[in-house]
Amino acid sequence: MLKRKTDVLVVGGGPVGLFTALQLAEKGVEVQVLEEQWRAASRSYALALHPASLSLLGELGIAEALVDRGNRVESVGFYEHEKRAEVKLDALSGDYPFVLVLPQQALEEALRERLEERGVKILWNHRIAGLEQQGDSVSAHIERLSKESTGYSVARTEWVVDKSFEIQASIVVGADGHRSSVRRLLEIDYEDQGDPHVFAVFEFVTGAEALHELQVVLLDDSTSVLWPMNDGRFRWSFELEEGLEKTDPRVKSRLLVQLRDEPFPHVTQEKLEELIAERAPWFSAPVEEVLWSAAIRFERRLASSFGVGHVWLVGDSAHLALPMGIQSMNIGFREAADLTWRIASVLVNPGSAALLEGYGDHWRSEWQNLLGLGAKLRPREDTDPWVAGRAPRIPPCVPVSGEDMGVLFRQLGL
Ligand SMILES: Cc1cc2nc3c(=O)[nH]c(=O)nc-3n(C[C@H](O)[C@H](O)[C@H](O)COP(=O)(O)OP(=O)(O)OC[C@H]3O[C@@H](n4cnc5c(N)ncnc54)[C@H](O)[C@@H]3O)c2cc1C
């Protein structure tokens, strides 16, 4: 049942918002989730769970079932025409020394099921439209959306606001993605952290056996990654030269693919085969069917602050990273785990509100460090010169974060 008053209102029912809500519910905190869309994502965008994310999901008791459904990646191979270097994930400590490749919708489904068991309400078709912080609480202005058919000759469906109301919350968490309304309502800047990169992304089926290696192809002027999924499925993401999506006939800017609620140029199977032949000739599995493909522009951004007072940001609402190492979503889970224990403490003891400031300072500084890490990595004297020359490009490509990065970098002599 919709409640007009709650301890925590989580805005956004993507993976990080659902995870945040579940962490809160497990700590006995009353929570409600708002989601603008009318249903969950139907495709796998962020498709891999880092070892640290699996440990957090393990603490919630849902990792094992997910592990059974996904493909384990046990190593990362770095390539240029052939394999040039490798790191093994079993060097990591923890219960899950591997990366799990799993469609985003499978993760979201597991989180939603557990939330339902905990009695947490997800308000689909509801969006946040205003926020006012008053003393120790926040008044959130909510709009409910409903479908309306319009048009003379051909009926067209539009989403319209059919009801507005307020929810009072002690704390609001903005997990509403890169176009975050919560961030905008707080007037927090989403600062550029470098040029965007365009990737041609293909998810496709082959008859090949499962592979347990993430392949990162570092050519002089492009980075590409192969994520091996289950059931002979793969995802190749090839970085494209700037502007290519406008000039290459195999990148069809006028033929748009709708992914979530955003349109992206379609990329043909012919282009996939050409890119594989050019950049990854060792990948010989014939492409049987392309499930989806698009040219996607990935930006790098960081919020100038992770929140203020009783309103805080997690996940893509606070940062965007390049797609190779699936870092934005996975670090989002670590942020959520940290933010939620702080929230639970502040709700019990309102005098400890400085804990929330500590959250913002800690994670902004972790992201600044991560974004500048490439320039700081120092090769050893015995480091393979190929690796040493590419060191600045390696941090965004590894599917780990925090202390786990050091363990992998040491294997590369960095
Ligand atoms: C096509 C595509 C491909 C991608 N590929 C990769 C990849 O290869 N590697 C990678 O690392 N990442 C990739 N990503 C990004 C990845 O999906 C995100 O990092 C991840 O989903 C972040 O999770 P989140 O929960 O923070 O935000 P989101 O998943 O963006 O969830 C935010 C949710 O908030 C909802 N919302 C927004 N505004 C409001 C509002 N006002 N009120 C209520 N609800 C609202 C949205 O509907 C959405 O469901 C891709 C994204 C897309 C779209």
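This chain uses plain numbering: 1 for the first residue, then up along the sequence. As the structure is a prediction and not an experimental result, all values here were calculated from the model. Order of listing sets the numbers, starting from 1, for every ligand and every atom in it.
Near His126, meaning under 4.0 Å from one of its heavy atoms, ligand 1 places the atoms 43 (C). Each of the atoms 42 (N), 43 (C) of ligand 1 lies under 4.0 Å from some heavy atom of Val11. Residue Gln37 approaches ligand 1 through these ligand atoms, each under 4.0 Å from one of its heavy atoms: 47 (O). Within ligand 1, counting atoms from 1 as listed, the ones closer than 4.0 Å to a heavy atom of Gly14 are 25 (O), 31 (O), 33 (C), 49 (O). Close approach of ligand 1 to Ser181 is summarised as follows: ligand atoms under 4.0 Å from at least one heavy atom of the residue are 41 (N). Interface atoms of ligand 1 facing Gly315, defined by a heavy-atom separation under 4.0 Å, are 26 (O). Which parts of ligand 1 touch Arg127 is read off a 4.0 Å heavy-atom cut-off, strictly below it: atoms 40 (C), 41 (N), 42 (N), 43 (C). For ligand 1, the atoms lying closer than 4.0 Å to a non-hydrogen atom of Gln104 are 17 (O), 21 (O).
The distance criterion of under 3.5 Å between nitrogen or oxygen atoms is met by Glu35 with respect to ligand 1. The distance criterion of under 3.5 Å between nitrogen or oxygen atoms is not met by Ser328 with respect to ligand 1. Polar contact with ligand 1: present for Val16 (N/O pair, distance under 3.5 Å). In terms of polar-atom proximity, Arg235 is counted as a contact of ligand 1, with an N or O under 3.5 Å from an N or O of the ligand.
Residues that satisfy the side-chain hydrogen bond (donor to acceptor under 3.5 Å, both in side chains) test with Glu366, not counting sequence neighbours, are Arg334.
Scanning Pro15, Gly177, Ala336 for the heavy atom closest to atom 30 (O) of ligand 1 points to Gly177. Ranked by closest heavy atom to atom 26 (O) of ligand 1, the top entry among Leu145, Ile128, Val182, Asp316 is Asp316.
Using a distance-only test at 3.5 Å, with no hydrogens or angles considered, no donor-acceptor pair links the side chain of Arg84 to the main chain of Tyr79. No donor-acceptor pair closer than 3.5 Å links the side chain of Asp176 to the backbone N or O of Gly12.
The closest approach between any non-hydrogen atom of Ala175 and ligand 1 is below 4.0 Å. Under a 4.0 angstrom heavy-atom cut-off, Gly332 registers as lying outside contact with ligand 1. Contact analysis puts Phe298 in contact with ligand 1, with a non-hydrogen atom separation below 4.0 angstrom.
The pair Glu86-Lys83 meets the salt-bridge criterion, since a charged nitrogen lies less than 4.0 angstrom from a carboxylate oxygen. Using a 4.0 Å cut-off between a side-chain N of Lys or Arg and a carboxylate O of Asp or Glu, Lys163 and Glu143 do not qualify as a salt bridge. Look at Arg301 and Glu299 and you find a salt bridge, because one of the NZ, NE, NH1 or NH2 atoms lies within 4.0 Å of a carboxylate O, short of that distance. Residues Arg114 and Glu117 are paired through a salt bridge, judged by an N-O separation under 4.0 Å between the basic side chain and the carboxylate. Ion pairing between a basic and an acidic side chain is recognised when a charged N comes within 4.0 Å of a carboxylate O; Asp195 and Arg297 show no such pairing.
With ring centers used as reference points, Phe283 lies under 6.0 Å from Phe234.
Residue pairs meeting the side-chain hydrogen bond (donor to acceptor under 3.5 Å, both in side chains) criterion with at least one partner in residues 5-18, sequence neighbours excluded, are absent.
The nearest pair of heavy atoms linking Trp282 to Glu82 is CZ3-N, 4.3 Å.
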